[in-house]
Amino acid sequence: MWSFNHTVSNWPTFSFIGIPGLEAAQIWISIPFCLLYLLALMGNALLLILVKAEHNLHEPQFYFLAVLALTDLGLSLSTMPSVLAIFWFNVHSIGLDACLTQMFFIHTLSSVESGVLVAMAFDRLVAICAPLNYTRILTHSTVACLSGAAVIRGATLVAPLPFLLRTFPFCGANILSHSYCYYPDMLNLACGDIIFSGVYGLVFVLFTFAVDVVFILVSYMKILATVIKLGNQDRNWKSLHTCACHLCTVFVFYLPLISLAVLHHYTQNTSPILFTSMSNAYLLMTPLLNPLVYSLKSRQIQAALRKRFWVQRIIAGE
């Protein structure tokens, strides 16, 4: 049984609800969760190995893919301890410091992933709209600068969030709606005037995800206009096909994120099961599906996979 703290405290213990109504089946629910986490970790680790080992993948778009895979690994590892602790050990509580640390990494890595998706859109924009200048514009230093900028922006904008939350006392049961620590969720549990913290959270969203979505939309409008001007249908299809993986990744990342934000800000009395499902989809399906999308849609990744497994088969046969 959980023991909830109903007194005001600056050092509270927060409680995860897990999946409401299915507490008796948690040990069985943990099996698919474990498999999904394992597949996500293996898939992204495999992408990193392929990009490092295969000379044909030493290109800007695959360097960005490696950064994306590394970010997805971080997201999976950030949420995995609390999620599996609920299902395996029936541990539903977490201290303030641990919760703030997990929240920092989740929001920072989410911002980094959004920034990397913008960099990948820029890569496709240059490849299609200025192919002759591609190697001159997207050098190794450019890739490193864009990736570093995404990391610095995420860490800088997220850094004040834990300090803002630490200034508030917490009262009541302190029950979190998700299986991990999420800033809007924690802010709703704080006592006192949270207007400034709420406004800063909105500013963070606007300066990261909203701005990134605008850049991605503008990039693809420019790409589409350029492709239409080409005239040749086969060439148009080939040009758009190079963007398919990135577009799928954008939808996989932003759709659960937007849905979760809508549930938090515009929906009252929402089913806890719906909250839990959307939150798990937001941070679990993205690391799981990104490697799958590139394995199925990218010919270069498919060729690298075939080459690796073919070599392994030859070695095993010998």
Side-chain angles (χ1 to χ4, degrees), residues 2-18 71 74-86 89 91-115 149-212 257 260-266 268 270 272 275-276 278-280 282-284:
W2 304 343
S3 57
F4 298 139
N5 179 17
H6 289 275
T7 60
V8 178
S9 174
N10 287 311
W11 303 98
T13 297
F14 297 93
S15 299
F16 301 117
I17 61 173
T71 305
L75 275 173
S76 296
L77 293 173
S78 296
T79 59
M80 188 169 61
S82 60
V83 172
L84 295 186
I86 294 171
F89 308 110
V91 176
H92 291 266
S93 61
I94 185 172
L96 178 63
D97 288 335
C99 198
L100 292 177
T101 301
Q102 185 186 51
M103 184 206 72
F104 172 80
F105 280 107
I106 288 173
H107 286 285
T108 297
L109 291 171
S110 297
S111 175
V112 171
E113 179 146 356
S114 182
V151 174
I152 293 172
R153 182 194 67 169
T156 302
L157 291 177
V158 174
L161 298 183
F163 295 100
L164 289 174
L165 286 175
R166 190 178 279 278
T167 62
F168 295 111
F170 290 87
C171 52
N174 292 334
I175 304 175
L176 298 171
S177 304
H178 309 297
S179 301
Y180 52 83
C181 298
Y182 190 61
Y183 179 74
D185 207 12
M186 297 182 68
L187 190 62
N188 288 335
L189 300 176
C191 300
D193 187 359
I194 62 171
I195 293 177
F196 177 78
S197 298
V199 170
Y200 184 83
L202 179 62
V203 170
F204 166 72
V205 171
L206 291 176
F207 275 86
T208 51
F209 305 114
V211 171
D212 292 348
L257 175 65
L260 188 61
V262 169
L263 287 176
H264 263 285
H265 293 286
Y266 299 106
Q268 300 294 330
T270 303
F275 262 119
T276 304
M278 289 306 304
S279 63
N280 288 327
Y282 166 47
L283 288 182
L284 183 57

* Does V158 have any side-chain contact (heavy atoms from CB on, under 4.5 Å) partners at least two apart in sequence or in another chain, and if so, which? -> F104, H107, T108, L161, F204

* Asked: How far does CD1 of I94 sit from SG of C181, to the nearest 0.5 angstrom?
  -> 4.0 Å

* Inter- and intrachain pairs under salt bridge (Lys or Arg N to Asp or Glu O under 4.0 Å), touching residues 196-212, at least two apart -> R153-D212

* Structure fact -> All heavy atoms of T208 vs all of S114, minimum pair found to be O-OG, 4.3 Å

Using atom types as modelled, flag every donor-acceptor pair under 3.5 Å from a side chain in residues 189-200 to any protein atom, sequence neighbours excluded.
from	atom 1	to	atom 2	distance (Å)
D193	OD1	I195	N	3.1
Y200	OH	L157	O	2.7

* Which pairs pass side chain to side chain donor-acceptor pair (under 3.5 Å) with one or both residues in residues 75-86, sequence neighbours excluded? -> Y37-T79, S82-Q102

* Which atoms form the tightest heavy-atom contact between A150 and V112, and what is the distance? -> O-CG2, 3.6 Å

* Apply side-chain contact (heavy atoms from CB on, under 4.5 Å) to V211 and list each qualifying residue two or more places apart in sequence or on a separate chain. => F215

* To do: Report yes or no: does H92 contribute a side-chain atom to a donor-acceptor pair with the main-chain N or O of F16 at less than 3.5 Å?
  => yes

* Taking all non-hydrogen atoms of both residues, which atom of F170 and which atom of L165 are closest, and how far apart? -> CE1-O, 3.6 Å

* Structure fact -> Heavy-atom closest pair (S111 atom, G154 atom, distance to 0.1 Å) is OG-CA, 3.4 Å

* To do: Please name all residues satisfying side-chain contact (heavy atoms from CB on, under 4.5 Å) with L77, sequence neighbours left out, ordered by chain then number.
  => L41, M80

* To do: Tell me, please, which residues at least two apart from Y180 pass ring pair (Phe, Tyr, Trp, His ring centres under 6.0 Å).
  => H178

* S110 and L75, any side-chain heavy atoms less than 4.5 Å apart -> yes

* Asked: Any side-chain heavy atom of M186 sitting closer than 4.5 Å to one from F14?
  -> yes

* To do: With rounding to the nearest 0.5 Å, note down the distance linking OG in S93 to CG in L176.
  => 11.0 Å

* Asked: What are the two closest non-hydrogen atoms of T13 and N174, and how far apart are they?
  -> O-CB, 3.7 Å

* Asked: Given the rule in the side chain to side chain contact (heavy atoms under 4.5 Å, CB included) test, do L202 and F207 qualify, once you have shown the distances and angles that lead to the verdict?
  -> CA-CA 9 Å; L202 179 62; F207 275 86; over 6 Å; no

